[in-house]
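Here the structure is a predicted model, which means the values were calculated and not measured. Along the sequence shown, the residues carry numbers beginning at 1.
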Amino acid sequence: MPNRVVVLLKVLVHIACLAPIAWLVVHLVENNLGPDPTHTVTFFTGRGTLRLLVISLTITPVRRLIPRLAWIIRFRRMLGLYAFFYGCLHLMTYVWLYAGFSWAAMVDDISRRKFITAGLAAWLLIVPLALTSTTWSIRKLGGKNWNRLHRLAYLSAIAGVVHYWWGVKQGDQTPMAITVALAMVLVARPVLAWVKG
């Protein structure tokens, strides 16, 4: 694929990833985020994190299944970093708007509310991936070690989905769609490896 096309597609991906944040900011300024703006912001950023993370994980099985789409690998790092960005915003809404930057409140929440523990685990698992997302890091770690480290993305996504389920009310099936999408990605990877092996 010509480089100019790739550049254009990357610009479109940047726009697609940033547009939801622009929408959120506009509605926040207009005070149009419903009766509980804090909950809206938290849910919005958390769902965005999971969606971007799962989309980034989908790239590998898609390019293996359809070799002609191998060029989409160029977007995986970008999507992963945007997932980290949204994850940081999601964490900040909790630290700032819910816990009020109180360490005591956060420690108490982590000890009593398991969905917060799962969410924190999901974020911590993705931190080293963001820190080693550069070409320099790949050279320094070596391709195999880098790939092993970046498998943490799957654990982060799983922890994120668990966080989602534990954070909604009993009977709420909102997390089902992202759960099914992640399950398909997790199943596709070993199946494709077995078929091609």
Side-chain angles (χ1 to χ4, degrees), residues 17-18 20-25 27-29 31-57 77-134 137 140-141 145-183 185-186:
C17 291
L18 291 172
I21 294 298
W23 177 92
L24 186 65
V25 170
H27 281 72
L28 189 61
V29 170
N31 195 23
N32 190 25
L33 289 176
D36 189 351
T38 299
H39 173 76
T40 301
V41 173
T42 305
F43 179 78
F44 188 90
T45 53
R47 187 173 58 180
T49 304
L50 273 177
R51 284 178 173 175
L52 286 165
L53 186 54
V54 171
I55 290 170
S56 71
L57 294 176
R77 178 164 49 182
M78 181 193 302
L79 291 168
L81 287 172
Y82 268 115
F84 178 67
F85 169 65
Y86 272 79
C88 288
L89 292 179
H90 183 63
L91 177 63
M92 185 53 64
T93 60
Y94 165 70
V95 172
W96 179 20
L97 301 177
Y98 280 105
F101 294 105
S102 167
W103 283 106
M106 286 185 272
V107 170
D108 183 57
D109 272 347
I110 290 171
S111 65
R112 292 188 304 104
R113 304 165 76 182
K114 60 183 182 179
F115 84 94
I116 292 178
T117 304
L120 183 60
W123 184 79
L124 289 173
L125 284 166
I126 206 174
V127 168
L129 310 189
L131 295 177
T132 58
S133 64
T134 62
S137 296
K140 199 72 175 174
L141 291 170
N145 289 331
W146 188 87
N147 281 324
R148 289 192 193 103
L149 176 64
H150 278 249
R151 287 174 188 159
L152 290 176
Y154 294 93
L155 294 179
S156 177
I158 292 169
V161 167
V162 170
H163 166 68
Y164 197 175
W165 278 107
W166 284 351
V168 298
K169 293 180 180 178
Q170 188 172 6
D172 187 344
Q173 297 298 307
T174 308
M176 183 59 71
I178 197 69
T179 304
V180 171
L182 177 59
V185 171
L186 294 175

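Annotation for V185 and L57: closest pair CG1-O, 3.7 Å, computed over non-hydrogen atoms. Closest approach of M106 and V95 over heavy atoms only: SD-CG2, 3.8 Å. Residues A122 and G160 approach most closely at CB-N, 3.6 Å, considering heavy atoms. The two atoms that bring S56 and L53 nearest to each other are OG-O, 2.6 Å, heavy atoms only.
Counting heavy atoms from C-beta on, the side chains of W165 and Q173 come closer than 4.5 Å. Residues L33 and L24 are in side-chain contact: their nearest non-hydrogen atoms beyond the backbone lie under 4.5 Å apart. With contacts defined as side-chain heavy-atom distances shorter than 4.5 Å, the pair T49/I126 does not qualify. Side-chain contact between Y164 and M176 is absent, with no heavy-atom pair separated by less than 4.5 Å. Taking the side chain as every heavy atom from C-beta outward, T38 and T93 never approach each other to under 4.5 Å.
S137 contributes atom OG, which lies 12.5 Å from atom CG of N145 (distance to the nearest 0.5 angstrom). Once rounded to the nearest 0.5 Å, the distance linking CG of L155 with CG of L124 reads 12.5 Å. Once rounded to the nearest 0.5 Å, the distance linking CG of D108 with CH2 of W103 reads 14.5 Å. A distance of 5.5 Å separates CG in L129 from CG in L149, rounded to the nearest 0.5 Å. Taking CG from L28 and OG1 from T40, the interatomic distance works out to 10.0 Å, rounded to the nearest 0.5 Å. Considering OH of Y154 and CG of L125, their distance stands at 14.5 Å, rounded to 0.5 Å.
Taking the six-membered ring for Trp and thresholds of 30 and 60 degrees, F115 and H163 have nearly parallel ring planes, at less than 30 degrees apart. Between Y82 and F85, the ring-plane angle classifies as perpendicular under the 30° and 60° cut-offs.
Other residues, nucleotides and ligands contribute only 12 or fewer heavy atoms inside 6.0 Å of the CH2 atom of W96.
A donor-acceptor contact shorter than 3.5 Å links the side chain of H27 to the backbone of W23. Looking at S133, its side chain does come within 3.5 Å of a backbone N or O of A130 through a donor-acceptor pair. With hydrogens and angles ignored, the 3.5 Å screen pairs a side-chain donor or acceptor of Y86 with a backbone N or O of C17. Of the possible donor and acceptor atoms, none in the side chain of W166 sits under 3.5 Å from a partner among the backbone N and O of T117. At distances below 3.5 Å, not a single donor-acceptor pair connects side-chain atoms of S156 with backbone N or O atoms of L152.
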**Request:** In sequence, state the C-alpha distance, the side-chain angles, and the governing distance for T132 and L141, and then conclude on side chain to side chain contact (heavy atoms under 4.5 Å, CB included).
**Result:** CA-CA 9 Å; T132 58; L141 291 170; 4.1 Å; yes

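Residue pairs meeting the salt bridge (Lys or Arg N to Asp or Glu O under 4.0 Å) criterion with at least one partner in residues 77-92, sequence neighbours excluded, do not occur; the list is empty.
Side-chain contact check for D109 and Y98: no donor-acceptor pair (N or O, by modelled atom type) lies under 3.5 Å.
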